[in-house]
Amino acid sequence: MAGRAASIEPALMTPIPNQTSPVFSQPHLLGIEGLSVSDVLNLLTLAHNYVELSRHGEKKLSVLRGRTQINLFFEASTRTQSSFELAGKRLGADVMNMSVKSSSVSKGETLIDTAVTLNAMNPDLLVIRHASAGAAALLAQKVGCAVINAGDGAHEHPTQALLDALTIIRHKHRVEGLTVAICGDILHSRVARSNILLLQLLGASVRVVAPRPLLPAAIDRWGVQVFSRMEEGLKDCDIVMMLRLQLERMDGAFVPSVREYYRYFGLDEEKLAYAKPDALVMHPGPMNRGVEIASSVADGVQSVIREQVEMGVAVRMAVLDALARNRPVQAETPAPQGGEA
Ligand code: NCD
């Protein structure tokens, strides 16, 4: 159950041939949409190798020595930003963190101007989080480096879905044939969207459980089963994935009250009992205890929430490594002189 994984899906046991051969067919990671199963399995295999290395081997590697990684975060983030930073540093990259407050963005510079300025410093990898859907894709057209989407509005959050898949595979040894219930604020969640795409690509059957106002209008076209009662949606499922109420993206009252929401949609032990006895409980964080999840469940034996954070570092190491493999190491160029603020 939620302890250490006993064995790993055979596909992930394949060692990565060497440190330079390409493992990913795309120049950027902008979303799960459009990825092939082999791209995904290669990233997960590489990530699995990095989990083992981080646990038992060298903490500091030189895979990205000489590479520059910029983390450009226009939205608040704790685990995503810090795990991208840690991932880059563990691989030996020079990592620079740009948050909105410390950049010219607070002086009115646009996303594209900021990106073009940063691009002039010749980074190899640019990690971006932005409140607008499509921001990472737009950036990828304007810069010469590999772009990684760390969350764009309610659109996609591909590394979260990859780390969730890795966590599931390490416990359940597969994704194919599993039933996964994603519960809560589906409407505003990029995590839900990326997870639905990835879990379906790997052969899971996906359910969503939410009050109607928290479901996208087009949910019928997402290929998921829709439930409005936790007891029905959780019945016999293998994975229960809880989502935060994204209050910052709501411009009105989507739920009558937090108390009522918890009563009907908060995951407590009683509702969890409808899932399989060995079902895993997941949450991307940050958690609102007592809103979408009870503390006893978040900290309970079925919870793999802390492990998700560990997988996050490994998955981000894999993504940075895979994208860097597709790019030649650049000659160093001096930073532009004068004029910059
Ligand atoms: C998620 C996000 O930012 O989309 N968090 C995360 O990356 N760990 C989910 C959320 O904010 O609720």
Side-chain angles (χ1 to χ4, degrees), residues 31-33 75-77 79-80 129-134 149 151-158 160-161 164 179-200 204-235 237-272 274-275 279-295 297-298 303 305 308:
I32 298 297
E33 192 169 14
E75 274 191 338
S77 170
R79 63 216 85 214
T80 305
R129 168 169 284 194
H130 196 279
S132 304
N149 181 6
D152 60 334
H155 178 228
E156 281 230 41
H157 191 354
Q160 180 69 46
D164 290 338
T179 302
V180 182
I182 306 180
C183 314
D185 188 356
I186 311 289
L187 177 65
H188 301 102
S189 177
R190 50 198 175 206
V191 174
R193 207 181 132 69
S194 290
N195 258 306
I196 290 169
L197 291 167
L198 186 55
L199 291 164
Q200 287 178 340
S205 141
V206 184
R207 302 173 181 176
V208 295
V209 192
R212 198 75 226 182
L214 292 181
L215 286 172
I219 193 73
D220 299 339
R221 281 182 266 133
W222 288 21
V224 295
Q225 279 183 283
V226 181
F227 294 87
S228 55
R229 280 174 48 83
M230 290 288 274
E231 292 76 3
E232 287 161 13
L234 263 51
K235 194 160 173 13
C237 70
D238 300 280
I239 311 287
V240 186
M241 199 178 277
M242 299 308 298
L243 299 172
R244 184 175 66 89
L245 274 184
Q246 311 244 323
L247 296 168
E248 75 278 16
R249 298 191 202 286
M250 298 183 190
D251 52 6
F254 281 73
V255 292
S257 76
V258 163
R259 215 164 136 228
E260 196 166 334
Y261 182 80
Y262 178 68
R263 181 159 161 232
Y264 291 105
F265 292 95
L267 185 67
D268 54 17
E269 283 164 43
E270 212 176 298
K271 296 192 193 81
L272 181 58
Y274 286 89
L280 302 179
V281 173
M282 305 180 75
H283 194 306
M287 275 188 282
N288 291 312
R289 292 165 184 264
V291 179
E292 72 269 0
I293 191 163
S295 270
V297 172
S303 169
I305 296 169
Q308 286 174 267

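Looking at every heavy atom in both residues, Tyr264 comes nearest to Met230 through O-CG, 3.3 Å. Across all non-hydrogen atoms, the minimal contact from Arg79 to Pro284 is CD-O, 3.4 Å. Scanning both residues, Ser303 and Ala298, for their nearest heavy atoms gives OG-O, 2.8 Å. Minimum heavy-atom separation, His283 to Pro286: CE1-O, 3.4 Å. In this structure, Gly233 and Ala181 approach most closely via the heavy-atom pair O-CB, 3.8 Å. Nearest heavy-atom pair across Tyr262 and Asp268 is OH-CB, 4.0 Å.
When the shell of 6.0 Å around CZ of Arg259 is examined, it contains 12 or fewer heavy atoms from other residues, nucleotides or ligands. Sparse packing is recorded around CD of Glu270, with 12 or fewer heavy atoms of other residues, nucleotides or ligands lying under 6.0 Å away. Within a 6.0 Å sphere centred on CZ of Phe227, heavy atoms belonging to other residues, nucleotides or ligands number more than 12.
With sequence neighbours excluded, no residue forms a salt bridge (Lys or Arg N to Asp or Glu O under 4.0 Å) with Glu269. In this structure, the side chain to side chain contact (heavy atoms under 4.5 Å, CB included) partners of Tyr261, at least two apart in sequence or on a different chain, are Pro211, Leu214, Leu245, Val255, Phe265, Val291, Glu292. Residues passing the ring pair (Phe, Tyr, Trp, His ring centres under 6.0 Å) test with His130, sequence neighbours excluded: Phe74. Under the side chain to side chain donor-acceptor pair (under 3.5 Å) criterion, Asn149 pairs with Asp152, not counting sequence neighbours. The side chain to side chain donor-acceptor pair (under 3.5 Å) check on Asn288 picks up nothing, with sequence neighbours excluded.
Considering NE2 of His157 and OG of Ser194, their distance stands at 8.0 Å, rounded to 0.5 Å. Rounding to the nearest 0.5 Å places CD1 of Ile196 at 12.5 Å from CD1 of Ile32. Taken from CZ in Arg207 to CE in Met241, the straight-line distance is 14.0 Å, to the nearest 0.5 Å. Distance check, rounded to the nearest 0.5 Å: CG of Leu234 to CD1 of Ile239 gives 11.5 Å. How far CD of Glu33 is from NE2 of His155: 6.0 Å, rounded to the nearest 0.5 Å. Rounding to the nearest 0.5 Å gives a distance of 13.0 Å between CZ of Arg190 and CG of Asn195.
In this structure, the side chains of Met287 and Arg244 stay at 4.5 Å or more apart for every pair of heavy atoms. Ile219 is listed as a side-chain neighbour of Arg212, based on a closest heavy-atom distance under 4.5 Å.
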Without placing hydrogens or testing angles, list every side-chain donor-acceptor pair under 3.5 Å for residues 182-189, not counting sequence neighbours.
unit_1: Asp185; atom_1: OD1; unit_2: His188; atom_2: N; d: 3.2
unit_1: Asp185; atom_1: OD1; unit_2: His188; atom_2: ND1; d: 2.9
unit_1: Asp185; atom_1: OD2; unit_2: His188; atom_2: ND1; d: 3.1
unit_1: Asp185; atom_1: OD2; unit_2: Gln246; atom_2: N; d: 2.9
unit_1: His188; atom_1: NE2; unit_2: Arg249; atom_2: O; d: 3.4
unit_1: Ser189; atom_1: OG; unit_2: Val191; atom_2: N; d: 3.2
unit_1: Ser189; atom_1: OG; unit_2: Ala192; atom_2: N; d: 3.0

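Under the side-chain contact (heavy atoms from CB on, under 4.5 Å) rule, Val297 has a single partner from Val240, Ile305, Leu267, which is Leu267.
At distances below 3.5 Å, not a single donor-acceptor pair connects side-chain atoms of Gln160 with backbone N or O atoms of Gly151.
In this structure, a donor-acceptor pair under 3.5 Å is present between the side chains of Asp164 and Gln308.
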